[in-house]
Amino acid sequence: TLAALIFDVDGTLAETEEAHRHAFNLSFAEAGLGWHWDRDTYRRLLRTTGGKERMRRYAQETGQPAPDVTALHARKTETYARQLAQGLALRPGVADLVTAARAAGLRLAVATTTSAPNVQALARACWDRDADQVFDVIAAGDEVPRKKPAADIYTLALARLGLPAGAALAFEDSRNGVLAARGAGLRVVVTPALYTEAEDFTGALAVIPSLESAHWPEPLATALAGV
Ligand code: XBP
Ligand code: MG
């Protein structure tokens with residue numbers, strides 16, 4: 001039976017990647033780096049998960065010395081939080097799914113590549129609550145050495161939940177996320193996002209346009225029936 005839901009953040013709970021992209025670009029401009037990531041460039045760069053890893057990868061690709069990634073990323077994280085504080089919408093169905101899961105006694109977790117402060121910024125913007133009031137378990141960013149598509153962040157979330165993979169269901173928007181969840185032995189439901197809609201989601205339990213209840217696959221529909 002289903003005891004917990006584990007959510008990816010970026011692209012799954014909300015369409016956050018444009019806010020990330022703008023925050024990266026602002027930090028590059030402030031540093032006088034001469035870098036600018038347009039949408040096509042960013043789509044390609046998203047294959048490298050993690051903001052710091054993405055910046056290092058871009059320097060490598062373009063044959064430039066790596067900048068001070070730690071400082072750039074700290075500024076990027078501040079800028080991102082300020083942007084989210086101005087408003088962010090959850091994707092359709094997310095708020096109701098979280099409410100229904102709570103009512104059904106399911107536990108809620110996050111397994112994300114994004115930095116922990118970004119999870120907090122999203123929870124404040126979308127739920128007006130602290131992230132740890134919305135989610136029982138948060139596994140984020142640099143808590144694991146290997147980011148998605150490695151399974152580590154999902155394995156960590158499961159360990160913190162104290163549950164085997166068979167008792168949980170993961171929610172993702174990307175191929176890297178599907179690979180990570182599957183690597184941890186989880187079933188995974190995919191809601192493709194703006195930057196990931198053309199990706200290959202082989203291995204997913206279901207690929208649905210949104211998390212609205214009309215689309216809920218088994219075992220979710222049964223677990224939440226009648227709440
Ligand atoms: C999302 C990411 C993140 C964000 C930026 O992947 O790759 O790196 O773009 O976050 P997923 P940070 O949704 O698969 O977790 O800059 O904080 O790393
Ligand atoms: Mg994602």
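Note: hydrogens, waters and symmetry copies are ignored here, and every other heavy atom, side chains too, is used. Order of listing sets the numbers, starting from 1, for every ligand and every atom in it.
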Trainee: Note the single closest protein heavy atom to atom 13 (O) of ligand 1, along with its residue, its atom name and the distance in Å.
Mentor: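 Of the protein heavy atoms, D8 OD1, 2.8 Å lies nearest.
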
Trainee: Considering non-hydrogen atoms of the protein only, which is the closest contact for atom 18 (O) of ligand 1, and what is the distance?
Mentor: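 Protein heavy atom at minimum distance: G51 N, 2.6 Å.
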
Trainee: Would you please determine whether G50 falls within less than 4.0 Å of ligand 1 on a heavy-atom basis?
Mentor: yes

Trainee: Would you tell me whether T114 and D10 have side-chain atoms, one donor and one acceptor, within less than 3.5 Å of each other?
Mentor: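 D10 and T114 do have a side-chain donor-acceptor pair below 3.5 Å.
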
Trainee: Would you say that L158 contacts V137 through its side chain, given a criterion of any heavy-atom pair below 4.5 Å between the two side chains?
Mentor: no

Trainee: Decide if atom CZ of R39 counts as having more than 12 heavy atoms of other residues, nucleotides or ligands within a radius under 6.0 Å.
Mentor: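 Counting neighbours around CZ of R39, 12 or fewer heavy atoms of other residues, nucleotides or ligands fall under 6.0 Å, so no.
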
Trainee: Return all protein N, O or S atoms below 2.8 Å from the Mg ion (ligand 2), chain by chain in residue order.
Mentor: D8 OD2, D10 O, D173 OD1

Trainee: Heavy-atom pairs closer than 4.0 Å: do any link ligand 1 to the side chain of T12, the backbone, both, or neither?
Mentor: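 Under 4.0 Å from ligand 1, T12 contributes no heavy atoms.
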
Trainee: Within the 3.5 Å criterion, strictly below it, is a donor on T99 or D96 matched to an acceptor on the partner's side chain?
Mentor: no

Trainee: Closer than 4.0 Å to some heavy atom of S115 - which atoms of ligand 1 meet that?
Mentor: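 Atoms satisfying the 4.0 Å criterion: 12 (P), 17 (O).
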
Trainee: Looking only at side chains, do Q64 and W35 share a donor and an acceptor under 3.5 Å apart?
Mentor: yes

Trainee: To which protein heavy atom is atom 6 (O) of ligand 1 closest, and what is the distance rounded to 0.1 Å?
Mentor: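 For this ligand atom, the closest protein heavy atom is T113 CB, 3.9 Å.
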
Trainee: Who passes side-chain contact (heavy atoms from CB on, under 4.5 Å) against R54, sequence neighbours left out?
Mentor: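 Applying side-chain contact (heavy atoms from CB on, under 4.5 Å) to R54 gives F24, W37, Y42, L45, L46.
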
Trainee: Of the side chain and backbone of Y42, name the one, both, or neither that has a heavy atom under 4.0 Å from an atom of ligand 1.
Mentor: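 It is the side chain that touches ligand 1; the backbone stays farther off.
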
Trainee: Is K52 salt-bridged to D142, going by a charged N under 4.0 Å from an acidic O?
Mentor: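 Salt bridge present between K52 and D142.
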
Trainee: Is the closest basic N to carboxylate O distance between R47 and E199 below 4.0 Å?
Mentor: no

Trainee: Please classify the K76 to ligand 1 contact at 4.0 Å (heavy-atom distances, strictly less than): side chain, backbone, both or neither.
Mentor: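 Under 4.0 Å from ligand 1, K76 contributes side-chain atoms alone.
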
Trainee: Go through it in stages, so that I can follow the logic: the residues are E218 and R187, the test is salt bridge (charged side-chain N to carboxylate O under 4.0 Å, His left out), and I'd like the CA-CA distance, side-chain angles, deciding distance and then a yes or no.
Mentor: CA-CA 11 Å; E218 293 304 333; R187 294 166 290 182; over 6 Å; no

Trainee: In the protein, what heavy atom is nearest to atom 10 (O) of ligand 1, and what distance, to one decimal place, separates them?
Mentor: T114 OG1, 3.0 Å

Trainee: Is D68 salt-bridged to R75, going by a charged N under 4.0 Å from an acidic O?
Mentor: no

Trainee: Please determine whether the number of non-hydrogen atoms from other residues, nucleotides or ligands lying under 6.0 Å from atom CZ of R146 exceeds 12.
Mentor: no

Trainee: To which protein heavy atom is atom 7 (O) of ligand 1 closest, and what is the distance rounded to 0.1 Å?
Mentor: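 Residue, atom and distance for the closest contact: R54 NH2, 2.6 Å.
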
Trainee: Would you tell me whether T49 and N176 have side-chain atoms, one donor and one acceptor, within less than 3.5 Å of each other?
Mentor: no

Trainee: How far is atom 14 (O) of ligand 1 from the closest protein heavy atom, and which atom is that?
Mentor: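 In this structure, atom 14 (O) of ligand 1 has K148 CD, 3.6 Å as its nearest protein heavy atom.
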
Trainee: Given the side-chain rings of F28 and H36, with only the six-membered ring counted for Trp, is the space between their centroids under 6.0 Å?
Mentor: no

Trainee: Non-hydrogen atoms of N176 versus ligand 1: any pair closer than 4.0 Å?
Mentor: no

Trainee: For E53 and Y58, which I'm curious about, is there any donor-acceptor pair between the side chains at under 3.5 Å?
Mentor: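 Not at all, the side chains of E53 and Y58 share no donor-acceptor pair under 3.5 Å.
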
Trainee: Would N118 count as a contact residue for ligand 1, given that I'm defining contact as a non-hydrogen atom of the residue lying under 4.0 Å from a ligand atom?
Mentor: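 N118: in contact with ligand 1 (<4.0 Å).
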
Trainee: Provide, to 0.1 Å, the distance between atom 12 (P) of ligand 1 and the closest protein heavy atom, together with that atom's residue and name.
Mentor: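 Checking every protein heavy atom, the shortest distance to atom 12 (P) of ligand 1 gives H73 NE2, 3.4 Å.
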
Trainee: Which is it for E17 and ligand 1 at heavy atoms under 4.0 Å: side chain, backbone, both or neither?
Mentor: side chain

Trainee: What's the shortest distance from atom 4 (C) of ligand 1 to any protein heavy atom, and which residue and atom give it?
Mentor: D10 OD2, 3.5 Å

